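This report refers to the structure that appears directly beneath it.
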Amino acid sequence: MMTEQKFAGCPLPREFYARDTVTVARDLLGCILVHRSREGITAGKIVETEAYLQGDPACHAARGMTLRNRVMFGPPGFAYVYFTYGMHYCFNVVSAREGVGEAVLVRALKPLVGIELMQRRRGRNSIHDLCSGPAKLTQAMGIGREHNQVDLTGSRLFICFGTADAPIVTTTRIGIKEGKDLPLRFYLRGSRFISRK
DNA sequence: AGAGCGATGGCCT
DNA sequence: GGCCATCGCTCTA
C-alpha cells in the first residue's frame with residue numbers, strides 16, 4: 001500500500017528533536033505518528049501538543065530526576081510513556097538535549113491509517129472519538145508501558161515529517177493544577193480532532 | 001510503610 | 001457540570 005510505504009521510510013532524524021521544546025511542540029503539528037505493531041499498522045496526523053519545560057511546575061521533571069521521569073533527561077528523540085489515573089497511558093517525545101528534563105505531550109491525532117484497528121482497540125466507531133485525547137490516542141495506537149524509552153528514530157514507533165495545514169493556535173494546557181497560565185498548548189486551528197477547544 | 005493524588009475518559013444527570 | 005474507576009509514583013515519616 002502506498003501510504004504504508006511512504007510512512008514507513010521516513011522517521012524524523014534526531015536533530016528534529018534536539019531543539020528547544022516549544023519549537024519541537026509546534027513543529028510536530030502536521031507530522032505523522034506511526035506504530036507498526038503485531039496487530040497492524042496505525043498512523044495519525046498530530047493536531048495537538050503540549051510542551052513541558054524545565055522549571056515548569058507542571059512538568060514531571062520539575063523536582064529533578066526520578067525513576068519514572070529519567071527518560072526525559074536522556075537524549076532527545078525517545079518516547080516517554082507514563083501511566084496515570086490507574087488506567088491511562090500518555091505518550092511524550094523527549095526534546096531539547098541530554099541532561100534537560102523536557103518533553104512534548106502528544107494530545108490528539110487525526111486518524112489516517114488502520115482506522116478499523118483503532119476502532120477495535122477503542123471500542124468506539126466515531127472517527128472523532130479515536131485519538132482526541134492523550135490517553136485515547138495511546139489506546140487507539142496500541143502504545144503502552146513497553147514503549148517507554150523507545151527510540152523514535154527506529155522503525156517500530158516513529159514520527160514522519162509533515163507540515164501544518166492550518167494556522168497554529170497557542171493556548172494554556174489542560175488538566176494541570178500548576179503552571180496553568182503558561183501558553184504551552186498548541187493545536188491546528190479548525191481541526192475537528194483536537195481534545196477540546 | 002502508607003497516604004495522597006494525577007499531563008484522563010466515560011457515563012450520568 | 002459532576003462523579004469516579006484504579007494504581008503506580010512521590011513524598012512524608
Side-chain angles (χ1 to χ4, degrees), chain A residues 17 20-26 28-29 31 33 42 44 46-74 76 78-96 100-111 117-150 152 157 159 168-188 191-197:
Chain A
Y17 302 102
D20 89 85
T21 298
V22 168
T23 300
V24 174
R26 296 175 65 92
L28 278 173
L29 296 175
C31 293
L33 175 63
T42 50
I46 297 172
V47 297
E48 178 182 347
T49 60
E50 286 179 355
Y52 285 85
L53 309 178
Q54 190 122 311
D56 157 15
C59 181
H60 282 179
R63 294 180 196 174
M65 186 161 60
T66 65
L67 211 51
R68 175 174 72 155
N69 67 24
R70 58 192 237 100
V71 60
M72 293 180 77
F73 290 87
F78 286 78
Y80 169 48
V81 179
Y82 68 87
F83 182 64
T84 191
Y85 291 104
M87 59 186 82
H88 300 303
Y89 292 96
C90 292
F91 169 78
N92 303 252
V93 305
V94 176
S95 51
V100 176
E102 302 192 347
V104 175
L105 171 69
V106 178
R107 287 193 56 91
L109 307 174
K110 175 185 179 181
L117 177 52
M118 291 184 183
Q119 289 170 324
R120 215 178 315 140
R121 283 168 170 162
R122 289 273 302 131
R124 293 282 183 289
N125 284 324
S126 167
I127 187 83
H128 294 111
D129 200 22
L130 297 179
C131 298
S132 54
K136 291 182 185 178
L137 75 88
T138 55
Q139 186 180 25
M141 293 289 290
I143 295 171
R145 210 173 182 63
E146 67 274 24
H147 297 98
N148 189 40
Q149 228 171 336
V150 163
L152 296 173
L157 178 65
I159 301 173
I168 296 174
V169 178
T170 303
T171 62
T172 53
R173 295 171 296 182
I174 295 184
I176 55 172
K177 284 241 171 76
E178 306 205 71
K180 51 171 61 169
D181 294 332
L182 299 173
L184 295 174
R185 174 173 175 247
F186 310 98
Y187 65 87
L188 294 180
S191 173
R192 298 188 55 204
F193 297 93
I194 62 176
S195 63
R196 50 169 283 199
K197 292 273 184 187

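Hydrogens, waters and symmetry mates are skipped; everything else that's a heavy atom, side chains included, is used. A note on names: the letters A, B, ... follow the listed sequences, proteins ahead of strands, and every chain is numbered from 1. Fair warning: this is a prediction, and the values are worked out from it, not measured in the lab.
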**Prompt:** Does C:dT10 have OP1 or OP2 sitting under 4.0 Å from an N or O in the side chain of A:Arg68?
**Reply:** yes

**Message:** Under 4.0 Å from OP1 or OP2 of B:dA7: is there any side-chain N or O of A:Arg107 that close?
**Reply:** no

**Request:** For A:Arg26, check salt bridge (Lys or Arg N to Asp or Glu O under 4.0 Å) against everything at least two apart and list the hits.
**Result:** none

**Asked** Is any side-chain nitrogen or oxygen of A:Arg145 closer than 4.0 Å to OP1 or OP2 of C:dG8?
**Response** no

**Prompt:** Do A:Phe193 and A:His128 have their ring centres less than 6.0 Å from each other?
**Reply:** yes

**Base of C:dA5 paired with side chain of A:Tyr85 (donor-acceptor, under 3.5 Å)** = no

**Asked** Does the gap between the ring centers of A:His88 and A:Phe83 come in under 6.0 Å?
**Response** no

**Message:** Quick check for you: among C:dC9, B:dA7, B:dT8, whose closest atom lies nearest to any side-chain atom of A:Ala135?
**Reply:** B:dT8

**Message:** Please check: side-chain N/O of A:Glu50 versus main-chain N/O of A:Leu105, any donor-acceptor pairing under 3.5 Å?
**Reply:** no

**Item:** Nucleotide-level pairing of DNA chain C, given in dot-bracket where Watson-Crick and G-U pairs need both distances under 3.5 Å and | marks other strands
**Value:** |||||.||||||.

**Request:** Determine whether the aromatic ring centres of A:Phe78 and A:Tyr80 lie less than 6.0 Å apart.
**Result:** no

**Request:** Taking only the side-chain nitrogens and oxygens of A:Lys177, find out if one of them lies under 4.0 Å from OP1 or OP2 of B:dG6.
**Result:** yes

**Message:** Short of 4.0 Å, heavy atom to strand atom, which residues of residues 54-62 of chain A count as contacting DNA chain B?
**Reply:** A:Ala58, A:His60

**Message:** Looking only at side-chain N and O atoms, does A:Ser191 offer a donor or acceptor that is under 3.5 Å from a partner on A:Glu48?
**Reply:** no

